[in-house]
Amino acid sequence: MRTRTADTLFYISLGITPIGIVLRISDIFGGNILFTLGLLGLLTYFAASIIRGILKKDNNKIGIVLKSLIVVIIPIIFAKYLYYNFGDYLGLVIIPIFLISTIIYLISELKKNIKVTSTSILICLLIIPLFNIDFNKDPRNYIPLMWYNRYNVERAIEVKLPYNFKFHKTESLSIKAFEAQKQKEFILSISLYKQAIKIEPDNPRLHFGISECYACTNDLELAKNELDTAIHLDDNNPFFYNNRGLLYYKLNENSNAILDFKKAIEIDSTQYSFFCNLALVFNSTMEYDEACKMIDKAEELGANINQYKLLKRIRKKHN
């Protein structure tokens, strides 16, 4: 009777886990709940199975190891898909070990346990989207994007600034810095911008340029400081506020981000990118109606929302 109950728990859990993923992708209520309950059921089943195996002195070491890895990896999968941080560092170690152990088990084990096999295959499928593969409702990557690209701007817009140079040498350094920036040689570009700033410290163009480079090298705080300087030199340029708003948003300072985007719109209400960015912040602060209004306004100004993955999702879910 106890075995039948455990089997029922296993098969229900195995079934509702992928169903939860499908519902989650389709933005249907209950997807995350089913996914969580499915993982919890599998975790409970295999934890109990390990204890029973130890008590009965099960000699199938490969099977016990894989069951143990399933128990350890399930919380990591949960964390990755529901955007919790606690699975990041542990996942770096456990995920490759799990994949290697699964391959060894499938190749070497003659009498495979159907429950271990099916669960291992399911988890392997759930791992695939972690490796930077485009997947609706993206989980946290195996190596989280925030570790190496906190800025992560989906579609950058080239900005033309109206500032002239006082000296030919400064202009030459700025051109070289911009070319290096386009080639993604950000460290070289920062060095060139620094040389130019020493010559013309009051030129906002230089502070804007070096700020973009700092952002692309993950130094968001330094990038914001440079925009602070640019705004101090010219407090009427909307692109300075827009870029600083993006940095505040990436730094989780949403109230400051909203103020900056609103200031950018106040100065120039014709730029759809400002409304797109403001929509992202309103989504983060769970002001979904406001986010959708900003998306609609951006579209009125010419934005193709289908090109913006996150904005498209926000509209689909909340409009």
Side-chain angles (χ1 to χ4, degrees), residues 145-251 253 256-278 280-281 298 301-304 307-308:
L145 188 65
M146 285 292 291
W147 289 4
Y148 60 91
N149 186 4
R150 291 196 290 164
Y151 197 43
N152 187 32
V153 174
E154 193 170 352
R155 297 181 69 86
I157 296 175
E158 189 172 331
V159 177
K160 294 183 179 179
L161 299 175
Y163 310 106
N164 296 319
F165 295 100
K166 296 177 182 177
F167 304 103
H168 176 73
K169 185 176 180 181
T170 318
E171 184 175 8
S172 176
L173 286 167
S174 177
I175 292 171
K176 290 177 182 178
F178 184 70
E179 288 302 316
Q181 185 178 341
K182 286 201 298 184
Q183 297 300 320
K184 300 186 183 301
E185 297 177 7
F186 299 116
I187 303 302
L188 173 60
S189 185
I190 288 169
S191 175
L192 292 167
Y193 275 125
K194 283 181 176 180
Q195 294 175 51
I197 288 170
K198 285 182 180 179
I199 302 170
E200 289 188 35
D202 57 348
N203 192 321
R205 177 195 292 265
L206 300 174
H207 294 284
F208 182 83
I210 197 172
S211 172
E212 287 190 317
C213 292
Y214 278 134
C216 290
T217 57
N218 245 17
D219 290 323
L220 302 195
E221 293 79 7
L222 287 177
K224 187 197 76 70
N225 291 344
E226 291 296 335
L227 284 175
D228 290 343
T229 302
I231 290 170
H232 176 74
L233 294 168
D234 181 1
D235 62 1
N236 201 42
N237 190 309
F239 295 102
F240 294 168
Y241 291 101
N242 177 66
N243 275 35
R244 192 173 69 173
L246 269 174
L247 291 166
Y248 276 131
Y249 167 57
K250 298 297 181 178
L251 291 165
E253 298 182 33
N256 286 329
I258 290 171
L259 289 174
D260 269 357
F261 289 135
K262 286 184 174 180
K263 181 65 176 177
I265 291 168
E266 179 187 320
I267 297 170
D268 184 355
S269 60
T270 67
Q271 299 290 330
Y272 67 75
S273 60
F274 300 167
F275 292 93
C276 289
N277 292 334
L278 185 53
L280 294 176
V281 188
L301 292 170
N304 183 354
Q307 294 180 341
Y308 296 87

J.: Using 0.5 Å steps for rounding, measure from the CD atom of Glu200 to the CG atom of Asn164.
T.: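 Separation between the atoms: 9.5 Å.
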J.: Drop me the distance from Leu222's CG to Leu227's CG, to the nearest 0.5 angstrom.
T.: 11.5 Å
J.: Does the side chain of Ser174 reach to within under 4.5 Å of the side chain of Asn203, using non-hydrogen atoms?
T.: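 A side-chain contact is absent here, since even the closest heavy-atom pair is not under 4.5 Å.
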J.: Out of curiosity, Thr270 OG1 to Ile265 CD1, how far, rounded to the nearest 0.5 Å?
T.: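 So the gap between those two atoms works out to 10.5 Å.
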J.: Return the minimal non-hydrogen interatomic distance between Ala215 and Ala223, and the atom names on each side.
T.: N-CB, 3.7 Å
J.: Would you call Glu221 and Lys224 a salt bridge, using N to O less than 4.0 angstrom?
T.: no
J.: Under the criterion side chain to side chain donor-acceptor pair (under 3.5 Å), I'd like the reasoning laid out for Asp234 against Tyr163: C-alpha separation, chi angles, the key distance, then a yes or no.
T.: CA-CA 10 Å; Asp234 181 1; Tyr163 310 106; 2.5 Å; yes
J.: Which value, rounded to the nearest 0.5 Å, describes the distance between Gln271 atom CD and Asn242 atom CG?
T.: 8.5 Å
J.: For the residue pair Asn237 and Pro162, what are the closest heavy atoms and their distance?
T.: ND2-CD, 4.2 Å
J.: For a 4.5 angstrom cut-off between non-hydrogen side-chain atoms, does Phe261 reach Phe275?
T.: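 No, their side chains stay 4.5 Å or more apart.
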J.: Check Pro238 against Phe274 and note the closest heavy-atom contact, atom names and distance.
T.: CB-CE1, 3.7 Å
J.: Does any N or O in the side chain of Thr229 come within less than 3.5 Å of the main-chain N or O of Asn225, such that one atom is a donor and the other an acceptor?
T.: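 Present.
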J.: Can you tell me how far apart CG (Leu247) and CG (Asn243) are? Round to the nearest 0.5 Å.
T.: 6.5 Å
J.: From Phe186 CZ over to Asn218 CG, what is the distance, rounded to the nearest 0.5 angstrom?
T.: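 Rounded to the nearest 0.5 Å, the CZ-CG separation comes out at 11.0 Å.
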J.: So that I can tick it off, tell me whether Glu179 and Lys176 are bridged by a salt bridge, with the cut-off set at under 4.0 angstrom between side-chain N and carboxylate O.
T.: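 Glu179 and Lys176: not salt-bridged.
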J.: Which heavy atom of Thr170 sits nearest a heavy atom of Ile199, and at what distance?
T.: OG1-CG2, 3.3 Å
J.: Verify, without hydrogens or angle tests, whether Arg205 (side chain) and Leu161 (backbone) share a donor-acceptor contact under 3.5 angstrom.
T.: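 Between the backbone of Leu161 and the side chain of Arg205 there is a qualifying donor-acceptor contact (under 3.5 Å).
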J.: Strictly distance-based, threshold 3.5 Å: is any side-chain N or O of Gln181 a donor or acceptor partner for the main-chain N or O of Cys213?
T.: no
J.: Evaluate side-chain contact (heavy atoms from CB on, under 4.5 Å) for Tyr241 paired with Glu266, printing each intermediate quantity in order.
T.: CA-CA 10 Å; Tyr241 291 101; Glu266 179 187 320; over 6 Å; no
J.: Restricting to non-hydrogen atoms, name the atom on Ser189 and the atom on Ala177 that form the minimum distance, rounded to 0.1 Å.
T.: OG-O, 2.7 Å
J.: Looking only at non-hydrogen atoms, find the nearest pair between Ile190 and Ile210 and report the distance.
T.: O-CD1, 3.9 Å
J.: Would Asn277 and Tyr249 satisfy side-chain contact (heavy atoms from CB on, under 4.5 Å), going step by step from the backbone distance to the final call?
T.: CA-CA 9 Å; Asn277 292 334; Tyr249 167 57; over 6 Å; no
